[in-house]
Amino acid sequence: MGRLVAVSNRVADPRNLAAGGLAVALGEALKATGGMWFGWSGKIVEAAQGGTPGEGELHIQQAGNVTLATVDLCREDHDAYYQGYSNGVLWPVFHYRIDLADFDSGYLNIYRRVNQLFARKLAPLLRPDDVIWIHDYHLIPLASELRAMGCGQRMGFFLHIPLPPPLILAAIPQHEWLMRALFAYDLVGFQSQLDLEHFSRYVQSEAQAEPMGEYRFRAFHRTVRAQAFPIGIDVDEFAALGQCEESRETYEMMRGQYSSRRLLLGIDRLDYSKGLPQRLKAVRTLMAQYPENRRSATLIQIAAPSRETVDAYADLRRELEGLSGAINGEYGELDWMPVRYIHRTTARRRLPGLCRACRVALVTPLRDGMNLVAKEFVAAQDPDDPGVLVLSRFAGAAEQLREALLVNPYDINATAQAIQQALHMPLAERQSRHQKLLERIRAQDVHWWRREYLRILGETDGGVGG
Ligand code: ADQ
């Protein structure tokens with residue numbers, strides 16, 4: 001296979017990967033093979049005017065065997081492409097929240113313009129046998145822009161967030177254009193079988209695509225292969241992180257402070273897709289209906305600040321502060337509070353220790369592409385005395401992690417009941433569920449995900465006319 005060129009909105013130095021998820025997965029893939037990583041520089045500059053470089057300035061930097069190529073954006077482009085269309089239209093609709101979408105027609109033009117800018121900057125850097133792997137909803141039309149400029153390379157796309165059913169997608173005024181853009185790829189990857197099924201139904205009902213065998217669809221004079229590749233974590237890396245000083249210190253500190261108490265844990269970005277108000281209400285119901293948990297169970301909820309300039313996020317923050325205050329006011333004692341709500345990011349090096357110190361993880365999104373916290377929690381547990389995962393059936397991870405306690409997060413009573421079951425689960429049952437979950441998380445880890453995706457992309461015939 002030729003050189004790997006990964007493209008994502010944000011780019012990181014693969015020699016120094018601090019964050020989880022996508023950055024680690026792509027960084028590892030690139031380090032293994034060498035290659036190029038292309039995306040936004042993270043810099044917002046003055047708009048270009050005669051003589052000043054402005055948006056579109058390209059920075060090339062060598063990081064070991066990986067070339068980092070990044071482009072600056074001006075304020076107007078960044079706001080409309082990133083906050084406006086990507087996070088104000090695609091993110092809510094793809095998470096089934098049409099009510100939160102802002103279909104301002106100006107956003108699409110700039111979303112398209114930024115994708116064209118990326119294509120113009122990327123195309124001259126490409127070699128004929130490069131394999132291009134484009135990531136996530138910010139960059140859906142990038143391949144079609146590259147094709148329009150004559151790039152015939154093999155191109156794959158991976159969607160990290162869910163794909164909703166056809167009639168929800170169809171609420172986006174430009175849905176045909178968006179979905180047609182996916183046919184410029186040779187391979188389109190989704191997180192779950194459910195997302196793949198939605199794609200298959202959409203293209204057949206809205207684009208009259210012909211299914212051509214198990215994974216192939218033909219429409220717009222092109223054939224695309226579409227398949228589910230559930231993303232995983234690096235289990236060994238996370239276990240090794242658990243041995244570092246900060247992780248051990250966090251474990252000891254939590255166990256010391258809460259020695260006689262059982263901890264419930266939530267770790268999320270502060271996002272309306274993560275079901276945080278419903279989760280807090282379930283903990284309130286737990287305290288009301290199962291009073292033996294008062295003075296005994298505590299929820300540690302860490303919600304990392306995210307997209308704070310978008311209104312829906314600011315509203316959510318206020319709602320969570322109100323709810324956690326109300327629950328603590330109602331049930332708290334001088335020496336115990338039911339909820340510890342922390343609006344901050346936790347250092348990644350502390351996460352394994354924190355997970356290991358907690359008896360139950362509450363991973364209860366209303367919708368989630370995958371949710372890596374569910375997998376990290378399982379990987380961090382002591383196999384002899386493991387904690388229990390309470391997992392939303394609406395997270396992509398639920399397709400794989402059947403031995404978790406699966407819940408409908410909209411059903412507050414049922415979620416409270418599942419938390420109660422998790423808190424009182426006998427050791428033998430916890431061990432047997434944990435073992436099965438860990439086996440699956442190991443078998444389909446992040447290395448498997450990357451190898452499998454690139455193997456299938458390598459086998460896929462170029463789609464033009466094919
Ligand atoms: P996210 O919505 O960001 O990602 P998720 O998979 O839960 O969601 O988390 C990604 C990483 O961020 C994890 O490694 C997690 O530990 C870390 N993280 C989350 N909250 C944190 C906090 N408060 N403090 C510290 N670290 C935190 C998108 C999709 C997901 C999909 C991923 C990867 O929305 O569904 O699983 O991409 O494809």
Side-chain angles (χ1 to χ4, degrees), residues 6 8-10 12 17-29 86-87 90-92 94-97 133 135-138 157-164 189-192 194-195 228-235 237-238 241-242 246-247 250 265-276 279 300-307 313 317 320 340-355 358 361-380 389 391-392 394-401 441 444-446 449-450 453:
S8 58
N9 179 56
R10 293 307 302 269
L17 295 167
L22 174 63
V24 172
L26 287 186
E28 292 292 322
S86 299
N87 288 324
L90 298 180
W91 178 273
F94 281 34
H95 287 87
Y96 300 55
R97 292 297 303 270
W133 192 9
H135 289 263
D136 232 359
Y137 57 105
H138 317 87
F157 178 75
F158 187 80
L159 183 68
H160 288 259
I161 64 176
L163 190 79
F190 297 105
Q191 297 274 27
S192 69
L194 184 69
D195 301 326
F229 301 89
I231 195 170
I233 60 166
D234 186 333
V235 179
E237 178 252 6
F238 205 67
L241 207 61
E246 287 102 317
S247 187
T250 306
L265 179 64
I267 302 179
D268 311 77
R269 272 185 314 98
L270 197 153
D271 193 291
Y272 50 77
S273 64
K274 303 290 182 184
L276 298 172
R279 187 182 305 167
I300 311 280
Q301 176 60 56
I302 300 174
S306 184
R307 304 174 197 166
Y313 289 75
R317 178 179 173 183
L320 293 175
R340 283 213 168 176
Y341 167 72
I342 301 160
H343 181 232
R344 226 172 298 131
T345 305
T346 302
R348 186 158 179 80
R349 297 172 73 77
R350 297 196 177 274
L351 286 186
L354 183 59
C355 289
C358 293
L362 301 183
V363 180
T364 53
L366 305 179
R367 284 287 157 192
D368 219 330
M370 177 55 59
N371 197 299
L372 294 178
V373 175
K375 296 184 175 183
E376 289 166 348
F377 178 79
V378 172
L389 175 62
L391 178 63
S392 163
F394 305 128
E399 272 188 10
Q400 294 171 295
L401 306 183
I441 289 169
Q444 297 190 327
D445 68 358
V446 73
W449 172 76
R450 177 240 310 166
Y453 186 95

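Not measured: the values here are computed from a predicted model. Counting starts at 1 for both ligands and their atoms, following the listed order.
Between Leu354 and Ile302, the closest heavy-atom pair is CD2-CD1, 3.5 Å. Across all non-hydrogen atoms, the minimal contact from Lys274 to Arg279 is O-NH2, 3.3 Å. Closest non-hydrogen pair, Ala380 versus Pro352, comes out as CB-O, 3.7 Å.
Shown in contact with Arg348 at under 4.0 Å from a heavy atom are these atoms of ligand 1, numbered in order with element: 14 (O), 16 (O). Close contacts between ligand 1 and Ile231 involve ligand atoms 38 (O) [criterion: under 4.0 Å to a heavy atom]. For ligand 1, the atoms sitting less than 4.0 Å from at least one non-hydrogen atom of Gln191 are 31 (C), 38 (O), numbered in the order shown with element in parentheses. Counting atoms of ligand 1 from 1 in the listed order, those under 4.0 Å from a heavy atom of Gly369 are 35 (O). Counting atoms of ligand 1 from 1 in the listed order, those under 4.0 Å from a heavy atom of Ala304 are 22 (C), 23 (N).
Checking side-chain atoms of Asn371 against main-chain N and O of Ala397 turns up no donor-acceptor pair under 3.5 Å. Panel note: side chain Glu399, backbone Leu194; a donor-acceptor pair is recorded below 3.5 Å. Counting only distance, with no hydrogens or angles, the side chain of Ser247 and the backbone of Gly353 share a donor-acceptor pair below 3.5 Å.
The closest heavy-atom contact to atom 37 (O) of ligand 1, among the options Gln301, Lys274, His160, Arg269, comes from His160. Among Thr346, Val373, Asp136, the residue whose heavy atom lies nearest to atom 24 (N) of ligand 1 is Thr346. Of the listed options Asp271, Ile267, Asp368, Ile302, Ile267 places a heavy atom closest to atom 27 (C) of ligand 1.
Taking distance alone, with nitrogen or oxygen atoms compared against 3.5 Å, Glu376 approaches ligand 1 more closely than that limit. The shortest N/O to N/O separation between Leu372 and ligand 1 falls below 3.5 Å. When only interatomic distances are considered, the shortest N/O to N/O separation between Met370 and ligand 1 falls below 3.5 Å. Polar contact check, Asp268 against ligand 1: a nitrogen or oxygen pair lies under 3.5 Å apart. In terms of polar-atom proximity, Trp91 is not counted as a contact of ligand 1, lacking any N or O under 3.5 Å from an N or O of the ligand.
Listed by chain and residue number, nothing satisfies the salt bridge (Lys or Arg N to Asp or Glu O under 4.0 Å) test with Arg450 (two or more places apart in sequence, or in another chain). Partners of Ser8 by side chain to side chain contact (heavy atoms under 4.5 Å, CB included), not counting sequence neighbours, listed by chain and number: Leu22, Leu26, Trp37, His135.
Atom CD1 in Ile300 sits 6.0 Å away from atom SG in Cys358 (nearest 0.5 Å).
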